[in-house]
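Sequence lines set the chain letters: A, B, ... in the order given, protein chains first and strands last, and positions in each chain run from 1. These numbers were taken from a predicted model, which means no experiment stands behind them. All values below come from the heavy atoms of this structure, side chains included, with hydrogens, waters and symmetry mates left out.
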Protein chains: 2
Amino acid sequence: MPTIKDVAARAGVSTATVSRVLNGEKVKEATEKKVLAAIKALGYRPNHIARSLKTQKTQTIGFVVPDFGPFFMQVAEVVEDILNSYSYSLIVCNSNENPAREKERVRMLVEKKVDGLLVVPTGDTASHLREIQQQGTPVVLVDRMVKDMQVDCVLVDNVNGAYQAVEHLITLGYRRIGLINGRLEVTTGEERYRGFLRVFEDYNLSVEEGLIRTGDFSTESGYILMKELMGLPDPPPAVFVANYYMTIGAMLAVNEMGIKVPRDLALVGFDDMELTRLANPPLTAVVQPMQEMGEKAAELIYKRIGGDNTGFPQMYRLKPELVIRDSTSPFRKTKNLEVI
Amino acid sequence: MPTIKDVAARAGVSTATVSRVLNGEKVKEATEKKVLAAIKALGYRPNHIARSLKTQKTQTIGFVVPDFGPFFMQVAEVVEDILNSYSYSLIVCNSNENPAREKERVRMLVEKKVDGLLVVPTGDTASHLREIQQQGTPVVLVDRMVKDMQVDCVLVDNVNGAYQAVEHLITLGYRRIGLINGRLEVTTGEERYRGFLRVFEDYNLSVEEGLIRTGDFSTESGYILMKELMGLPDPPPAVFVANYYMTIGAMLAVNEMGIKVPRDLALVGFDDMELTRLANPPLTAVVQPMQEMGEKAAELIYKRIGGDNTGFPQMYRLKPELVIRDSTSPFRKTKNLEVI
DNA sequence: TAAACAGAAGTAAACGATTACATAAAATCA
DNA sequence: TGATTTTATGTAATCGTTTACTTCTGTTTA
């Protein structure tokens, strides 16, 4: 592989000059031509590692997601596209919804000297991230927030999303509404829970605590919890599942149990994927603006890396939207009776 | 950030000695203790960039996938886990099923000086990969192969997979069988097509060319092509969809058109994901060994990076399995009549 | 015309590790 | 014990860039 020295020799100039044309600084036009010619002739490509060593920048940003499933990968795709267009590259890592592994992956990215970090935190504490931030690496939280840290974040208004879902059910006449939710230590879980409660408060109705279930965001736990709910002596005629993967699990359970939606059970899910549209029946769901989330996250981290700290700590609260499809129909007394 | 010099100074030794303990070379036990103490006291962490510059190794491998969907991401997850356990890290990039973009992503990874490259090729030509290989970077092809290159690869026996699917339909009594397939320039498409044809050959039946459709592996194209097939004057009573995303699209189309599976149409899909199991009815499908694919790919590239070239070019042909669920039932003459 | 000043290009010191080679100390041998 | 080998450590070059500083050339100004 030819180095900058080879180019310099061939063009009859110093390495400094070559470096200058490489970085678009001003040089005499004649010299630039010579250098460019030498670069082309030798097939020279600058060595990013050497450059990074000197400049302390890697033109790379890291993204730690809790899983490689469709939701976060769709966000990652948007982020990658935007960052690529700024000639940054993206390293996506999987924390497996596990705080220890998250710490581990973050450490790895920091050791790789990424210029910035996008993180979907898996726990409620963030000492490891605060540290990194203090060392000067910009950090942007995506989808979830942590309490103990001043940090930029791109979030969805989960309270409002859950609120819309549950209000929809209330409006259809349901009073006994089941909730299948994710871990409360992560803000999405906690906020969706709050949204759920708030509807009851606002409508002056009492919640039936026994219909609330908390799992771990996984398909399995959605499946188990839905079976649990439907196995109750008096199962709820409507259920809100507050997370995409859990929604899949819940649908699977319902299918297996032969429960007919919406006849026997009204179901509201989360996120709009192929599956939710394809389902039989197509699912009423709270859909999150994934595209926008990716865009905001990418633009924000890019801005911070560029040293622009205006508005810190910035918080975006994107609005989710309730899409009404066929899995919810007005309440009928007989609902669920045949299942009991 | 403390450097190796700081550690050396604090421990009262030379940087060479520090480097030696860092790399597990033999030093006197007392010295090692001193160095370790200094490292701990200063919170020193070696700078990977500097190390890479000197050693010409990055402990990183790249993986270019054609999309961030569940199939490849599941493979990527397995690969990541294994490589992590060897303390390598993985950069996953998206070629978007687009040869130009693939070239671009590969170039980026090479400039990042990855130690090895895993690629799911999107075209039938591979000059860009051959070049890289000749420069000494190990390349392993995953899921798909290219004709014009001697290279390690980890593939699935697609001919056999498609064969099983179609044979299953033939056995159930179907003769007119539709095929929705991906691009023939990529080997998976081509091989599955061959498998399809071979069944007819072996059973001495003639294929109806008009029932064969070729798309681009996307959900949309699966959707469109299924609508096309079902819109035919005399639509086939059975269809084999030879790719996961296209399967989703096809199911969507079928659902929308109110076609009942398996009553009106027998459907065999590809890959075993939540969706295929959750579907109504659960889908009969050819399932690929994703876990094994990830394992083989990770182990092979690791071996090559370590300089072990035994068996080059190695080719793994993993066996897919037909899982029979409820979307296929024996042929009845009346099938599809109500749709016409 | 000489002094002052740009502008362009060169020199060489970083960046933070690894490692070939040199040297000193310890262990082995006759 | 002195010569010789082995082992442990230090010295300094190197990886391929960038960049502060210097030097040179040519232009402007008084």
**Q.** Integer-rounded Å distance: C:dA14 P and B:I4 CD1
**A.** 18 Å
Q: Please find the earliest and latest nucleotides of DNA chain D, in the 5' to 3' direction, that have an atom within less than 4.0 Å of any heavy atom of chain A.
A: D:dG16 to D:dA20
Contacts under 3.5 angstrom, residues 41-51 of chain A side chains, donor-acceptor by atom type, not counting sequence neighbours:
{"residue": "A:R45", "atom": "NE", "partner": "B:E111", "partner atom": "OE2", "Å": "3.4"}
{"residue": "A:R45", "atom": "NH1", "partner": "B:E111", "partner atom": "OE2", "Å": "2.9"}
{"residue": "A:N47", "atom": "OD1", "partner": "A:I49", "partner atom": "N", "Å": "2.7"}
{"residue": "A:N47", "atom": "OD1", "partner": "A:A50", "partner atom": "N", "Å": "3.1"}
{"residue": "A:H48", "atom": "NE2", "partner": "B:E111", "partner atom": "OE1", "Å": "3.2"}

Q: Taking ring-ring contact (aromatic ring centres under 6.0 Å, His included) as the test, write out the residues that go with B:F312, two or more places apart.
A: none
Extract all donor-acceptor atom pairs below 3.5 Å that involve side chains of residues 8-21 of chain A and protein atoms in other chains or at least two apart in sequence.
{"residue": "A:S14", "atom": "OG", "partner": "A:A16", "partner atom": "N", "Å": "3.3"}
{"residue": "A:S14", "atom": "OG", "partner": "A:T17", "partner atom": "N", "Å": "3.3"}
{"residue": "A:S14", "atom": "OG", "partner": "A:T17", "partner atom": "OG1", "Å": "3.3"}
{"residue": "A:S19", "atom": "OG", "partner": "A:N23", "partner atom": "ND2", "Å": "3.3"}

Q: Measure from CG on A:L53 to C1' on C:dA14 and round the result to the nearest Å.
A: 9 Å
Q) When the distance from CZ of B:R51 to C1' of C:dT19 is rounded to whole Å, what number comes out? A) 13 Å
Q.
Considering every strand and a 4.0 Å limit on heavy-atom distances, what is the contact class for B:S19: base, sugar-phosphate, or nothing?
A. base
Q. Hey, would you say the B:Y244 and B:F71 ring centroids sit under 6.0 Å apart?
A. no
Q: May I have the distance from A:I49 (atom CD1) to C:dC15 (atom C1'), rounded to whole angstrom?
A: 13 Å
Q | Nearest-Å distance for atom pair CE/P, residues B:M1 and C:dG16 | A | 11 Å
Q: Would you mind checking if A:E104 and A:R107 are paired as a salt bridge, meaning a charged N to carboxylate O distance below 4.0 Å?
A: yes
Q | Residue-phosphate contact under 4.0 Å: B:Q56 side-chain N/O, C:dT18 OP1/OP2 | A | no
**Q.** Atom NZ of A:K103: over 12 foreign heavy atoms under 6.0 Å
**A.** no
Q. Taking CD from B:Q59 and C1' from C:dA17, how many angstroms apart are they, rounded to a whole number?
A. 14 Å
Q. Within a reach of under 6.0 Å around CD of B:E25, are more than 12 heavy atoms found that belong to other residues, nucleotides or ligands?
A. yes
Q) What one-letter contact string describes nucleotides 5-11 of chain C from 5' to 3', where B marks a base within less than 4.0 Å of any protein heavy atom, S marks contact via sugar-phosphate atoms alone, and - marks no contact? A) ---SBBB
Q: Kindly compute the distance separating CD (B:E299) from CD (B:Q314), expressed to the nearest 0.5 Å.
A: 12.0 Å
Q | Any residue meeting salt bridge (charged side-chain N to carboxylate O under 4.0 Å, His left out) with B:D81, in chain and number order, not counting sequence neighbours | A | A:R101
